[in-house]
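The structure under discussion appears below in the form of structure tokens.
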Amino acid sequence: MTHETGRRRFFTRALAGISALSLAGCDKLSQSESFTKLLSTGESLSKNAHRLVSRKSMAQEFSEADMSPSFRSNGTSMPNSVDYQVLVETGFADWALEVSGLVAQPQKFTLAQLQALPSRTQITRHDCVEGWSAIGKWKGVRLHEVLSRVQPSENARYVVFHCADPMEEDGTNHYYESIDMEDANHTQTLLAYELNGETLPVKNGAPIRLRVERQLGYKQAKYIMRIELVDSFEHIAGGKGGYWEDTGYEWYAGI
Amino acid sequence: MASALTAKSELIYRHTIPIRIMHWTNVICFTVLLMSGLNIFNAHPALNLGKSSYNNLAPILELKAAKLQTGELIGKTNILGVEFNTTGVLGASNNSNGELISRGFPSWATIPGPQWLAMARHWHFFFAWLFVINGFCYLTYSFLTKHVQRDLLTTRSDRASIWQSIKDHLHFRHATGEEAKRYNVLQKIAYLSVIFILLPLVILMGWAMSPFMDSLIPGWVDLFGGRQTARTIHFIVAWLLVAFVSIHVFEVIITGLWNNIRSMITGKYRVDTNQPIKKDNEKAAGEKP
């Protein structure tokens, strides 16, 4: 009996000790590079599983009745950049989208030229990584249309979107994002210039923003200035393929 | 003393090694999933209903902080329009420096402790994979070895004794002898509900929040009321699982803490027998797989 009581006491103490230590331990582990690398295998598992299941699946499209009364602006609502503010004042008349990098025919597209290309309209849900969502109606040109005009090279693997909004107070560290060719050529992947039937407002990313509907909100780059096709994004900014990715978020944001 | 014990009790082999390993894997996964989930929830500490968060419907739950005119921060919990002051726990709680800050669930309940959405997501999705794989192994094993059919499915006599079992539980009367070797009917119903309803539902509602998973069969999420309702169900089911774990742990404690824990570590479970057991050896051997 005393043997059992001793074991019991040991066990109770061990349990209390373990729970206190493990909480502190989890925070220590979060700081460890090798452990976060292990944790991020979850991301590659998800990405590979998703790609295995379906490459071309279509995001749900909604009816007008489902649209959110106003589409929330998150992150930057007015880029802290004089150059951008001049573009706003002139109605983006001097804005042109440069598409370059690993392409046969680098080109610049004015807003009018983009709007003249075949368009697609879709009512989709925007899922923020934070947990909220909003439904809006987007009209834009399929990224595929634009890419087919610049003819990506065989070795182009990612499309990088360079944006106008600096993320630091001093005007540096511009927002950027990247997606792979699979998503770039998806039917619902748009360079959107209209939201809810009106010209895309500045707070939502004027003159164009990306819609890549099977991923989270931070992939939907706003204020796109330049598109670059690359075989690797390791040399760009923090090397993780996006502003939020550089701070630790997943590059694949399908979850 | 030793002979008196053996006369009144016997050690049976209750849980096989795979079950024990999967049980403790599940304990770790569920703990991490819950706590990292609360950190993720803190990034948007509100629960909505419908296809999106912006549909003119008020949230059914909201945790927030408000500043009083005195400059003092208070934590508020709003459930279905009724507001509670929950300063110190929900809405506003202390950070590691002891300062009261605005956050949904307090740092002692989240992984990681500080508000850190990116890291909480890494924890959550890694352990979600482990949890799903573990659950899949458990189901395969339990059906193949007939653990489900033999030990978990209720029998006709179980169902007939359901009221008796409720009374026994309310009076904290537990089974002894032969009866203690099997699960009682409420226990079976609890385990079956968790294994076949709550856990699949919490996983499914997790998938419903993924924009990719939603695209597999467009519109399937609407069967559950839409994506934000799915998020709300995910949260509620997580707490139902916490309720199950609380009752489970309570029963573990009052029906013999060490004996129960040992049975989930070494597999051996001591059954007290009031009367001398006939064919003792045969029965004990019969329990072994």
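Keep in mind that what you see is a predicted model, and the values were worked out from it rather than measured. In what follows, chains carry the letters A, B, and so on, assigned in the order in which the sequence lines appear, proteins first and then strands, with residues in each chain numbered from 1. The analysis underlying the following values was restricted to heavy atoms, covering all of them including side chains, and did not include hydrogens, waters or symmetry mates.
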Check whether more than 12 heavy atoms from other residues, nucleotides or ligands sit under 6.0 Å from atom [atom1] of [X], and answer yes or no.
X       : atom1 : answer
I217(B) : CD1   : no
R20(B)  : CZ    : yes
K203(A) : NZ    : yes
W108(B) : CH2   : no
E198(A) : CD    : no

Given side-chain hydrogen bond (donor to acceptor under 3.5 Å, both in side chains), test E213(A) with S215(B) step by step and report yes or no. CA-CA 9 Å; E213(A) 302 293 359; S215(B) 74; over 6 Å; no
Could you tell me which non-hydrogen atom of R227(B) sits nearest to which non-hydrogen atom of W132(A), and how far apart they are? NH1-O, 3.7 Å
Ignoring hydrogens, what is the shortest heavy-atom contact between N56(B) and P69(A)? Give both atom names and the distance.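 Reported closest heavy-atom pair: OD1-CG, 3.5 Å.
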Contact check, side chains of [X] and [Y], non-hydrogen atoms, under 4.5 Å:
X       : Y       : result
F212(B) : Q215(A) : no
T36(A)  : H122(B) : no
H50(A)  : S210(B) : yes
R125(A) : K51(B)  : no

Report which part of [X] has an atom under 4.5 Å of a heavy atom belonging to chain B: side chain, backbone, both, or neither.
X       : answer
I135(A) : both
S54(A)  : both
F35(A)  : side chain
A49(A)  : side chain

Would you please go through residues 124-131 of chain B and name the residues with a non-hydrogen atom below 4.5 Å from one of chain A, in numerical order?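 Hits under 4.5 Å: F125(B), F126(B), F127(B), W129(B).
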Is there any residue in residues 35-43 of chain B with a non-hydrogen atom under 4.5 Å from a non-hydrogen atom of chain A, and which ones are they? M35(B), I40(B), A43(B)
Report the C-alpha separation of M209(B) and D127(A) in whole Å, then their side-chain angles, then the decisive distance to 0.1 Å, and conclude whether the side-chain contact (heavy atoms from CB on, under 4.5 Å) test is met. CA-CA 8 Å; M209(B) 280 184 270; D127(A) 297 334; over 6 Å; no
Taking side chain as everything from C-beta outward and backbone as N, CA, C, O, which of these in [X] sits under 4.5 Å from a heavy atom of chain A? Side chain, backbone, both or neither.
X       : answer
R121(B) : both
L117(B) : both
I265(B) : side chain
W207(B) : neither

Salt bridge present between R214(A) and D214(B) (N-O < 4.0 angstrom):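 Salt bridge: no.
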Contact winner vs chain A - G226(B), G50(B), P114(B), P218(B), heavy-atom pairs under 4.5 Å: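 Among the listed options, the one with the most contacts to chain A is P218(B).
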Out of [options], which one racks up the most heavy-atom pairs below 4.5 Å with chain B?
options                          : value
T41(A), L38(A), L29(A)           : L38(A)
G42(A), C26(A), A59(A)           : C26(A)
S22(A), C128(A), G248(A), S70(A) : G248(A)
V53(A), L45(A), L23(A)           : L45(A)

To the nearest 0.5 angstrom, please state how far the [atom1] atom of [X] sits from the [atom2] atom of [Y].
X       : Y       : atom1 : atom2 : result
N48(B)  : S133(A) : CG    : OG    : 8.0 Å
Y54(B)  : F71(A)  : OH    : CZ    : 10.0 Å
M119(B) : Y249(A) : CE    : OH    : 10.5 Å

Between Q228(B) (side chain only) and G131(A) (backbone N and O only), is there a donor and an acceptor less than 3.5 Å apart?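 Looks like yes, one N/O pair under 3.5 Å.
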Backbone N or O of P112(B) within a donor-acceptor pair of the D27(A) side chain at under 3.5 Å?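 Looks like no, no N/O pair under 3.5 Å.
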Using the side-chain hydrogen bond (donor to acceptor under 3.5 Å, both in side chains) rule, take S68(A) and S52(B) through it: C-alpha gap first, then chi angles, then the decisive distance, then the call. CA-CA 7 Å; S68(A) 300; S52(B) 85; 3.2 Å; yes
